[in-house]
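FYI, side chains are in, hydrogens and waters are out, and symmetry mates aren't considered; it's all heavy atoms of this structure. Below, read A as the first sequence line, B as the second, and so on, with proteins coming before strands; counting in each chain starts at 1.
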Amino acid sequence: MGELAVTALEAAAKALIADAAAKVAGSDFDAGQLPFSRPKDASHGDAALACFPLAKAARLAPPAAAAALADALRELTAVGGTAIASVEAVGPFVNLRYSRAMLAEDVIRGVLEQRAPFGPWDKNDKTIVIDYSSPNIAKPFHFGHLRSTVIGAALRRIYKHTGHGVVGINHLGDWGSQFGKILVAFQEWGDMARLRADPMRHLYEIYVRFKRESDADPNLNDRAAAAFRHLESGEDNVERQLWQELRDISVEAFAGPYRRLAAEFEAITGESFYEDKIDATLQALKGAGITTMSEGALVVELDGMPPCILVKSDGTTIYATRDLAALFYRRATYGFDKALYVVGGEQKLHFKQLIAVIQKLGWKEAAGIEHVDFGLVLTFDAETKRWTKFSTRGGNAIFLDEVLDEAVAKVRTIIDEKNPTLADKDAVAEAIGVGAIVFNDLKNTRIKDVKFDWDELLNFEGETGPYVQYAGARLASILRKAEVAVDDFDLSDIAWNELEDADQVLLTMQGFASVLERCIDKNEAYVLTSFVTSLAADIHSYLRGHHVLSAEEPLRRARLALVLAARNLIRDGLALLGVASPEEM
RNA sequence: GCGCCCGUAGCUCAGUUGGAUAGAGCAUCGGACUUCUAAUCCGGCGGUCGCAGGUUCGAAUCCUGCCGGGCGCGCCA
């Protein structure tokens, strides 16, 4: 475990604590064992140390160890001017408080001067490949696709911000036997004009129709299998030409949603990209001696799970084959330390198999391959009164653009009601409506299923995107009226000690580094979502009791510095999540 | 049947990896706009942390067994 990124003030405090702990328990005591945490109750102080490990090392009862540590710390900080202003032992805990002025300066300078951990972190030599969004373009781009897209896009930005080399890859599902079905469906019922007008819906229509009609006519499935065989033959035949056209139109249609969602990729290389790399991959696997024939298929036998199928008995490949080819390619091209797959939890077994195959090959990278799984999107079924899966074949899929448009429209009516004179209402409505949807998806632990609920989705109060954006807009408004230089704020001679009642805001901001670290550690964006929500709550609350523009100098300028720092951190935090920060709303 | 995941307030969820009195939002009830945006703030109500054991100074968190729900289990992705 590496050193946690901390601000200068925290580092100074930790150094003092290490010295004090050495006095209590001897110099070989590892002060890293003292958990440095935020007390739940703010009245306990700014930071708390649980002294159980220290007590063990010093052979003291925990309260006695805490008292001894507090005494030692007091001795070190008695001279004043140190990071720690006060120390108190309470039972087995030592609670400490930072110097108020130093806390304010530490955090605000850090944010405004864009210093790590607030600004971009120093580059490290790790490369992270993140496979996300990766829609199957033979199927509709429905609301469920939002999850992989926004989680992956957020993780990509968070890794980038913390100094990692990042390769975001959209592994489009543009190949495979599904495409045989869509080819046949298009030949039967497709309409090129309608396809061009609304590609996603038209493909969806014919896909659903294929599903329905193939139940009655199994011959359709045989034709679909043949179509994919023809496609995979490599010949320039009708299947190939139609596939190319459908693919091009679909890919173009995705650009819009990706722009709205702020999803960016270093590479858009679909499954078809590996078509000419499959043979080499198969040769490598065979050469490693890990393949066998089983029931007419080429497989890798695995312990404790079904075999990984590489070539089906009809001679065509399967997604596992293409995923393996992609891993070979990504290792050779990018040399990754981590390869993340932001894909739904239903595919857990598939990725377990994939990793097991790579382990059999003995790659050292195997340990860095991780399935970043997430829960399903469920809809409430009024009949059975239960949350159920959306059914594509049942035709009750909800399209992503539908949801985004609905949210934007709702925001538009709220703006007309609350802020009728606002300039550029449509752009603001887009930022807030889409932001609300993205934020909502990043709010909880990935693995939780998302219950699709219009009421909750279109509620913009409380723990929501608009709530956080609103805090940013209020702060921006103050800064506008104060006419301060937001890009070059003068930090000299700020009366930092005037900010003694901004504890909550400052302490929350101070936690930014550990928030990003936890995001990376868990591959979770919700930690950051929850951080910006807390910061917004803290600043909303602060603004209620502390007027900025009417304050006397030097308090006024100190508060403006706080306001600017909070606004920047909210904006930057939201940006990492893929949510815009309108200046006004 | 087997494997994995989930179970915390009426609802939706946090709980910093075993630490202080289990926290938010929504809903509900009551307050706060002649002052920088009320998409806000302040307060009330609301919990046998699914159940039962175990581990120890200490468990929502760890171990075991049940109960409930979800996902998956060879030629779909």
Does [N] have OP1 or OP2 under 4.0 Å away from a side-chain N or O of [X]?
{"X": "A:Arg559", "N": "B:C36", "result": "no"}
{"X": "A:Arg518", "N": "B:U17", "result": "no"}
{"X": "A:Thr464", "N": "B:A39", "result": "no"}
{"X": "A:Lys389", "N": "B:G72", "result": "yes"}
{"X": "A:Ser534", "N": "B:A24", "result": "no"}
{"X": "A:Lys481", "N": "B:U37", "result": "yes"}
{"X": "A:Tyr470", "N": "B:A39", "result": "yes"}

Looking at [N] and [X]: do their rings stack (centroid distance under 5.5 Å, interplanar angle under 30°)?
{"X": "A:His44", "N": "B:A20", "result": "yes"}
{"X": "A:Tyr467", "N": "B:A39", "result": "no"}
{"X": "A:His540", "N": "B:C41", "result": "no"}
{"X": "A:Phe52", "N": "B:G19", "result": "yes"}

| message | In whole Å, I'd like the distance from the CD atom of A:Gln504 to the P atom of B:A24. | response | 11 Å

| request: Figure out the CG/P separation between A:Leu457 and B:A39, and round it to whole Å. | output: 20 Å

| query | Using the benzene-type ring in the case of Trp, are the ring centres of A:Phe531 and A:Phe512 under 6.0 Å apart? | reply | yes

For the side chain of [X], counting heavy atoms from C-beta on, which of [options] is nearest?
{"X": "A:Glu456", "options": "B:G15, B:G74, B:U12", "value": "B:U12"}
{"X": "A:Pro306", "options": "B:C73, B:A77, B:U37", "value": "B:C73"}
{"X": "A:Pro307", "options": "B:G74, B:G15, B:A39", "value": "B:G74"}
{"X": "A:Arg474", "options": "B:U37, B:A77, B:A39", "value": "B:U37"}

